[in-house]
Amino acid sequence: DMNRKCGTPEYCAPEVLSGHYNLECDMWSLGVLTYIMLSGYMPFKGKDIHDTLSKVKAGNIDFTLPIWKDISTSAKEFIVKLIEKDPKKRMKASESLNHPWITNYSNYSLDKFKT
């Protein structure tokens, strides 16, 4: 059911909060997970649930913490393209596999999954 509000607030896309979403919401969550793995911080952690939800809806990414100075521009761009408020503009799964941050640091690309 893609009309039910569900999920962990810190990880869910803004459209999930409105109850109208599709598979693109998973790409937002991938962006949140990538942010957490690279920095050790939650991008939308609030003082309480209401503050967290407000931050998710705003969708503003903060790269000002000191840890981000050592993170590549390509990695930050990857996150920004995933944590895009407009689901239609958000990076698709196939695009993420071919993003330079992925292809420059791994042996995997979308071409390897084609038959």
Side-chain angles (χ1 to χ4, degrees):
D1 181 9
M2 299 292 255
N3 296 312
R4 202 173 85 206
K5 294 179 187 177
C6 60
T8 305
E10 291 88 356
Y11 296 85
C12 68
E15 64 269 22
V16 173
L17 302 176
S18 69
H20 301 288
Y21 56 96
N22 54 29
L23 296 175
E24 278 79 23
C25 69
D26 292 335
M27 299 311 293
W28 173 285
S29 298
L30 175 61
V32 170
L33 287 168
T34 304
Y35 185 100
I36 295 166
M37 288 190 294
L38 291 175
S39 71
Y41 294 94
M42 302 287 290
F44 304 114
K45 185 70 174 164
K47 294 179 260 186
D48 56 35
I49 187 71
H50 300 292
D51 189 35
T52 296
L53 295 175
S54 176
K55 288 180 178 194
V56 167
K57 288 176 187 175
N60 297 321
I61 300 298
D62 179 14
F63 292 122
T64 61
L65 293 169
I67 188 94
W68 289 106
K69 72 177 173 51
D70 296 324
I71 306 294
S72 73
T73 301
S74 183
K76 291 180 227 178
E77 178 191 80
F78 182 78
I79 293 168
V80 167
K81 288 184 174 191
L82 290 169
I83 302 180
E84 161 62 53
K85 282 180 58 172
D86 183 347
K88 293 176 183 168
K89 294 179 183 176
R90 195 173 298 146
M91 188 164 43
K92 309 288 184 253
S94 59
E95 294 168 330
S96 71
L97 287 172
N98 283 317
H99 188 278
W101 187 62
I102 299 298
T103 59
N104 289 342
Y105 299 103
S106 79
N107 294 325
Y108 298 99
S109 72
L110 186 57
D111 293 336
K112 292 196 178 207
F113 295 103
K114 292 181 180 176
T115 56

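- A distance of 11.5 Å separates CG in L53 from CZ in F44, rounded to the nearest 0.5 Å.
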What donor-acceptor contacts under 3.5 angstrom involve side-chain atoms of residues 67-74, with partners at least two apart or in another chain?
from	atom 1	to	atom 2	distance (Å)
S72	OG	A75	N	3.0
S74	OG	W101	N	3.3

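- Residue pairs meeting the salt bridge (charged side-chain N to carboxylate O under 4.0 Å, His left out) criterion with at least one partner in residues 72-91, sequence neighbours excluded, are E15-R90.
- Under the side chain to side chain contact (heavy atoms under 4.5 Å, CB included) criterion, D62 pairs with Y35, T64, sequence neighbours left out.
- Taking the six-membered ring for Trp and the full ring otherwise, the centers of W28 and Y21 sit at least 6.0 Å from each other.
- In this structure Y11 satisfies the ring-ring contact (aromatic ring centres under 6.0 Å, His included) test with no other residue, sequence neighbours excluded.
- Remark: I36 CD1 to S29 OG distance equals 9.5 Å, nearest 0.5 Å.
- Separation of atoms CE (M27) and CD1 (I83) is listed at 11.0 Å; rounding is to 0.5 Å.
- Taking both residues in full, the closest heavy atoms of P43 and I61 are given as CB-CD1, 4.4 Å, listed atom of the first, atom of the second, then distance.
- The nearest pair of heavy atoms linking C25 to V16 is CB-CG2, 3.7 Å.
- Without hydrogens or angle criteria, T34 side chain to L30 main chain gives a donor-acceptor distance under 3.5 Å.
- M37 and F78 end up in different hydrophobic clusters when Ile, Leu, Val, Met, Phe, Trp and Tyr side chains are linked at under 4.5 Å.
- Note on residues 19-31: pairs passing salt bridge (charged side-chain N to carboxylate O under 4.0 Å, His left out), not counting sequence neighbours, are E24-K92.
- Under the side-chain hydrogen bond (donor to acceptor under 3.5 Å, both in side chains) criterion, D51 pairs with no residue at all, not counting sequence neighbours.
- Pairs of residues two or more places apart, or lying in two chains, never qualify as salt bridge (charged side-chain N to carboxylate O under 4.0 Å, His left out) while including a residue from residues 31-41.
- Minimum heavy-atom separation, T52 to G46: OG1-N, 2.9 Å.
- Within the 3.5 Å criterion, the main-chain N or O of E10 finds no donor-acceptor partner in the side chain of K45.
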